[in-house]
2 protein chains.
Amino acid sequence: MATRHPTQRQRIQRPAPMYLQVAQEIAQEIRAGDYQPGDRLPSEAQMVASFGVGKATVRQAIAEVRAMGLIDVHQGKGSIVRGPAVQAVEVDRTIFRTGKKWSVPQPGESEKPTITRTSLDGVPAALLAQPDQDAISVEQMIRDPATDTRMAWRLFIPLSVAASTPVLAEDPAQPIADHYQALAEAGHTLSWEEHVTARTPYPDERSALRLRDTSPLMITYRVTSGTDARPLLCEELRVPATARLRFPLNATKAPAKSRTRKA
Amino acid sequence: MATRHPTQRQRIQRPAPMYLQVAQEIAQEIRAGDYQPGDRLPSEAQMVASFGVGKATVRQAIAEVRAMGLIDVHQGKGSIVRGPAVQAVEVDRTIFRTGKKWSVPQPGESEKPTITRTSLDGVPAALLAQPDQDAISVEQMIRDPATDTRMAWRLFIPLSVAASTPVLAEDPAQPIADHYQALAEAGHTLSWEEHVTARTPYPDERSALRLRDTSPLMITYRVTSGTDARPLLCEELRVPATARLRFPLNATKAPAKSRTRKA
DNA sequence: TATCATTTGTTCGTATGTATC
DNA sequence: CGATACATACGAACAAATGAT
């Protein structure tokens, strides 16, 4: 009781951890232009001396700055300041239609696809609304030569859909636009929706997609639906978060019962 | 020379770092069901003993498992196994139209907006194609009470647009659908596109959005364009990557010169 | 309410391995 | 080959949060 001063209790403010302070200091110096893109930051040992903190603190600080995307760190070389020139790859998610033909932008060169049979699980299963079902899976790595960006594409064709539209199963690895056309010719009125999320990549994804540092991973699921909004196909695309996904948006006719806007 | 066996040079394979091995082991045990959602993992000290490695190694391993999204870590409590029940908040990015009125889904409750004047910079500046220009900025925090998810919304109205359509500047904080309507009434034929990216959040964003652990941040920019595809407005929405953004997609009439599909 | 044991968070120091130049 | 720099790993200590006593 006597040891606590009520007037102080409001204002207490603990200092941020030292590693965060150091990180902020480094980030500030970079943004201020003290280091130009391409420059090397002082070595860890030098920072230990100049900041007067331990090595673990410096390393944690550098990890933060790297997570901010301001530097690249290379063993044996040092920490290199990134330029804003890290141009974002733009991945166009538009679906084009010319008469009865469909086409989708191709963001790079594709490697040869792998066709397997898998059980539906996780998000694709939920989006396809068909749990406990198997699907034909087509996997393909896509590489954009201009920026050396790698993307992982995967198509899920539920077996029930392959059964009712056998042409899909005949050549699962054909261009996706041909799948769209086949479904349309089978009498479906197609519509699409896309779901985007992001997460920290797993170690194997980091190496497969050549992800540098702590860059997150964007994952987008495109669901192709037919008549009665029945989901038919699910495409998954995983891209480094250095990219930007582009969606064209059209206004949709509101349902009869229009949504009320909350406060 | 004599110390190197040429026949070995092809097969060398360094073992993975111990912290990754430990992380994989923990992740495997979780996925195998050895620990149920809600269970506490063994404490760091116990792992140090059971794995026979140092504390720093265990901590790095736990950081990996946490980055995989398998556990939540709380100081003083321990590491809690997450359930797959971490339902993703779905943020619907549809734009609805009823006759001459627009509406957009409201993902939660809004706090009171802050109106400032800023200079356009970074992605919004590039998307609005109007560098070296000022803009009216409206900032607002949105909270989804069901999942306690926070989102940061921001609107940029370039001064040139505010000048040619003064009604926008009169009440910048009005519902965004009213801005759309005002622009339509001013003679614009509206269209939208949305750009999505992700990155590691800054420390201040982590606290403002109450981000747990190492969850990345998704950022989406919605650009409203008028006649002649002239960009008019830019909305920025930052949401935790635990959310899913949902876009409806309509096929777009292909331009006269249809895109050729590369190999 | 206050205390205490447990658990994670932060920080230091030191040593060794590996990549780069 | 050697010097430099980052990566990994160990040990130790104290701070801060949590939950039970």
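A note on names: the letters A, B, ... follow the listed sequences, proteins ahead of strands, and every chain is numbered from 1. Quick caveat: nothing in here was measured; it's all calculated off a predicted structure.
Considering only residues two or more places apart in sequence or on other chains, E194(B) meets the salt bridge (Lys or Arg N to Asp or Glu O under 4.0 Å) condition with R93(B), R222(B). With sequence neighbours left out, D134(B) forms a salt bridge (Lys or Arg N to Asp or Glu O under 4.0 Å) with R117(B). Residues satisfying the ring pair (Phe, Tyr, Trp, His ring centres under 6.0 Å) test with F156(A), not counting sequence neighbours, are none. Contacts of S137(B) classified as side-chain hydrogen bond (donor to acceptor under 3.5 Å, both in side chains), with partners at least two apart in sequence or in another chain: R154(B). Every side chain to side chain contact (heavy atoms under 4.5 Å, CB included) that A173(B) has, sequence neighbours left out, goes to P113(B), I115(B), V138(B), D171(B). Here R238(B) pairs with E205(B), E236(B) under the salt bridge (Lys or Arg N to Asp or Glu O under 4.0 Å) rule; sequence neighbours left out.
In terms of heavy-atom proximity, I62(B) sits nearest to S79(B) at CG2-OG, 4.2 Å.
Axis angle between the ends of the helix from dA2(C)-dT21(D) to dC21(C)-dG2(D), five pairs each and rounded to 10 degrees, works out to 20°.
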For this session: Quick one, give me the B/S/- string for nucleotides 2-10 of chain D, reading 5' to 3', where B means a protein heavy atom under 4.0 Å from the base and S means that only happens at the primed atoms, P, OP1 or OP2.
Result: ---BBBBSB
Which atom pairs, donor and acceptor, lie under 3.5 Å between side-chain atoms of residues 44-57 of chain B and protein residues at least two apart or in another chain?
residue	atom	partner	partner atom	Å
E44(B)	OE2	R59(B)	NH1	2.8
Q46(B)	OE1	S43(B)	N	2.8
Q46(B)	OE1	S43(B)	OG	3.4
S50(B)	OG	Q46(B)	O	3.2
S50(B)	OG	M47(B)	O	3.4

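Between the P atom of dT10(C) and the CD atom of Q21(A) lies a distance of 12 Å, rounded to the nearest Å. If you measure from atom CD1 of I80(B) to atom P of dT7(C), you get 12 Å, rounded to the nearest angstrom.
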